[in-house]
Amino acid sequence: MYNILKGQITSLLPKKTLFWLEPFLRKSYALTKKGTNHFCSVCKFHTSNFEKLTNSDLLCPNCGSLSRDRRLWQVVKENYIKNGNFVLDFSPSRSLFRKWKKELNINYTASDLSGDFIADVAYDITQINGENNYFDLIICYHILEHVIEDEKAMKELYRVLKPNGTILIQTPFKEGEIYEDYSITSEAERLKHFNQKDHVRIYSVAGLKNRLEKAGFLVKVIQHDADTYLGFSANEVILFATK
């Protein structure tokens, strides 16, 4: 039912209108989903069940957060919400963008080049329009696999991060080595080789860690367990890169 409704609404409404209406539409839909089986850590909604998407991910019916959004917010809330912190977030989910904007004592900037996300600015991650040593926290979730010059992007992230600052990084992963081939340029071929039409590589955890360390970061890799109540996925990996 959810996937059918979403398809109908997105086909009828312009993107900007949909972004504005989305919170109201979701809250109306969520009235039918109240329960005690699960809890969304982003919007604090108790639900009978998360919506299962076609890729098997679990979506909150009230705010639209995915499993990785809920995990990310828990990590951030427990460790990185500090008064006066400067935060840069690349292409955030709409649920987390709205959540961040309610943290009034945080200097939060969202950036997106694609137009598919709500954002404050449009930074090129390989040439960030920002001062050296400026941000306390940078969130780079599912970004680097889209960037051909990823090592240049990592150097830029290092440049704008404060000493002792942290970047939270996640991408899709595979076993073995990083797989990339820049001769693959069509959307159809990228979908075939990298599982998404706008991806240019698939990282391995070790491969991404090595590239980040080459850029100067200290990197810690944490693999998280599943949590059915909170809708967290099993074996979810987050890289914590510090300067």
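This structure is a prediction, so every number in the text was calculated from the model and none was measured.
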R71 with E236: basic N within carboxylate O range, under 4.0 Å: yes
ILVMFWY network linking I128 to Y134, side-chain heavy atoms under 4.5 angstrom: yes
Side chain to side chain contact (heavy atoms under 4.5 Å, CB included) between L59 and R26, worked out: CA-CA 11 Å; L59 178 140; R26 288 197 183 280; 3.7 Å; yes
Electrostatic pair E213-K209, nearest N-O below 4.0 angstrom: yes
Neighbour count >12 (heavy atoms, 6.0 Å) for atom CG, N129: no
Shared hydrophobic cluster for M154 and I143 (ILVMFWY, side-chain gaps under 4.5 Å): yes
Heavy-atom side-chain contact between V200 and E145 under 4.5 Å: no
Heavy atoms from other residues, nucleotides or ligands near NZ of K101 exceed 12 (cutoff 6.0 Å): yes
Flag for N62-K44: side-chain donor and acceptor within less than 3.5 Å: no
Test item: side-chain donor near acceptor, S233 and S67, under 3.5 Å: yes
Under 3.5 Å donor-acceptor, N210 side chain and A206 backbone: yes
G84 versus N107, closest heavy-atom pair with distance: O-ND2, 3.2 Å
CD1-CG distance between I167 and L239, expressed to the nearest 0.5 angstrom: 11.0 Å
E131, CD atom: more than 12 neighbouring heavy atoms under 6.0 Å: no
Derivation of the side chain to side chain contact (heavy atoms under 4.5 Å, CB included) call for L208 and T171: CA-CA 9 Å; L208 179 54; T171 76; 4.0 Å; yes
Polar side chain donor-acceptor pair, E177 to Y179, under 3.5 angstrom: no
From CA spacing to verdict: salt bridge (Lys or Arg N to Asp or Glu O under 4.0 Å), E180, R211: CA-CA 14 Å; E180 55 194 350; R211 285 194 182 177; 2.3 Å; yes
Pairwise distance CD(E149) to CG(D124) - rounded to 0.5 angstrom: 8.5 Å
D112-S91 side chain donor-acceptor pair, cut-off 3.5 Å: yes
Shared hydrophobic cluster for F135 and Y158 (ILVMFWY, side-chain gaps under 4.5 Å): yes
Any S95 side-chain heavy atom under 4.5 Å of C43 side chain: no
R68 and H142: CA distance, side-chain angles, deciding distance, side chain to side chain contact (heavy atoms under 4.5 Å, CB included) verdict: CA-CA 10 Å; R68 71 182 186 231; H142 295 262; 3.5 Å; yes
Check: L230 and Q74 side chains under 4.5 Å, non-hydrogen atoms: yes
Same apolar cluster (I L V M F W Y, side chains within < 4.5 Å links), I125/F86: yes
Pair F39 and F45, ring centroids less than 6.0 Å apart: no
Ionic contact status for R94 with E22, cut-off 4.0 Å: yes
Minimum heavy-atom distance V75-Y80, with the two atoms named: O-CD1, 3.8 Å
Approximate separation, where rounding is to 0.5 Å, of L88 CG and L157 CG: 8.0 Å
Aromatic centroids of H46 and H38 separated by under 6.0 Å: no
Derivation of the side-chain hydrogen bond (donor to acceptor under 3.5 Å, both in side chains) call for R159 and N132: CA-CA 5 Å; R159 178 183 68 82; N132 294 348; 2.7 Å; yes
S41-R70 side chain donor-acceptor pair, cut-off 3.5 Å: no
pair D69-Y141: side-chain heavy atoms closer than 4.5 Å: no
Heavy-atom closest contact (L58 atom, F50 atom, distance): CB-CB, 3.8 Å
NZ/NE/NH1/NH2 to OD/OE distance under 4.0 Å, D136 and K82: no
Same apolar cluster: I81 and I238, side chain cutoff 4.5 Å: yes
Any side-chain heavy-atom pair of D89 and F97 under 4.5 Å: no
Closest contact, heavy atoms only, V42 versus K99: O-NZ, 2.7 Å
Set of side chain to side chain donor-acceptor pair (under 3.5 Å) partners for K33, sequence neighbours left out: E51
Heavy-atom side-chain contact between L144 and Y203 under 4.5 Å: yes
Sub-4.5 Å side-chain heavy-atom contact between I178 and I202: no
From I139 atom CD1 to S111 atom OG, the distance as rounded to the nearest 0.5 Å: 12.5 Å
Pairwise distance OH(Y123) to CD(E156) - rounded to 0.5 angstrom: 11.0 Å
Positive for side-chain contact (heavy atoms from CB on, under 4.5 Å) with K243, one of I138, V160, L161: L161
Heavy-atom closest contact (Y229 atom, D227 atom, distance): N-OD1, 3.1 Å
More than 12 heavy atoms of other groups within 6.0 Å of E175 CD: no
Check: H146 and Q196 side chains under 4.5 Å, non-hydrogen atoms: yes
Side-chain (S93) to main-chain (S65) donor-acceptor, under 3.5 angstrom: no
Candidate pair T47 and N37, rule side chain to side chain contact (heavy atoms under 4.5 Å, CB included), full reasoning: CA-CA 6 Å; T47 182; N37 294 335; over 6 Å; no
Approximate separation, where rounding is to 0.5 Å, of L72 CG and K77 NZ: 13.0 Å
Y182 versus I148, closest heavy-atom pair with distance: OH-O, 3.3 Å
Atom CD of Q127 with >12 non-hydrogen neighbours under 6.0 angstrom: no
Working for salt bridge (Lys or Arg N to Asp or Glu O under 4.0 Å), residues D198 and R190: CA-CA 7 Å; D198 54 354; R190 284 178 171 174; over 6 Å; no
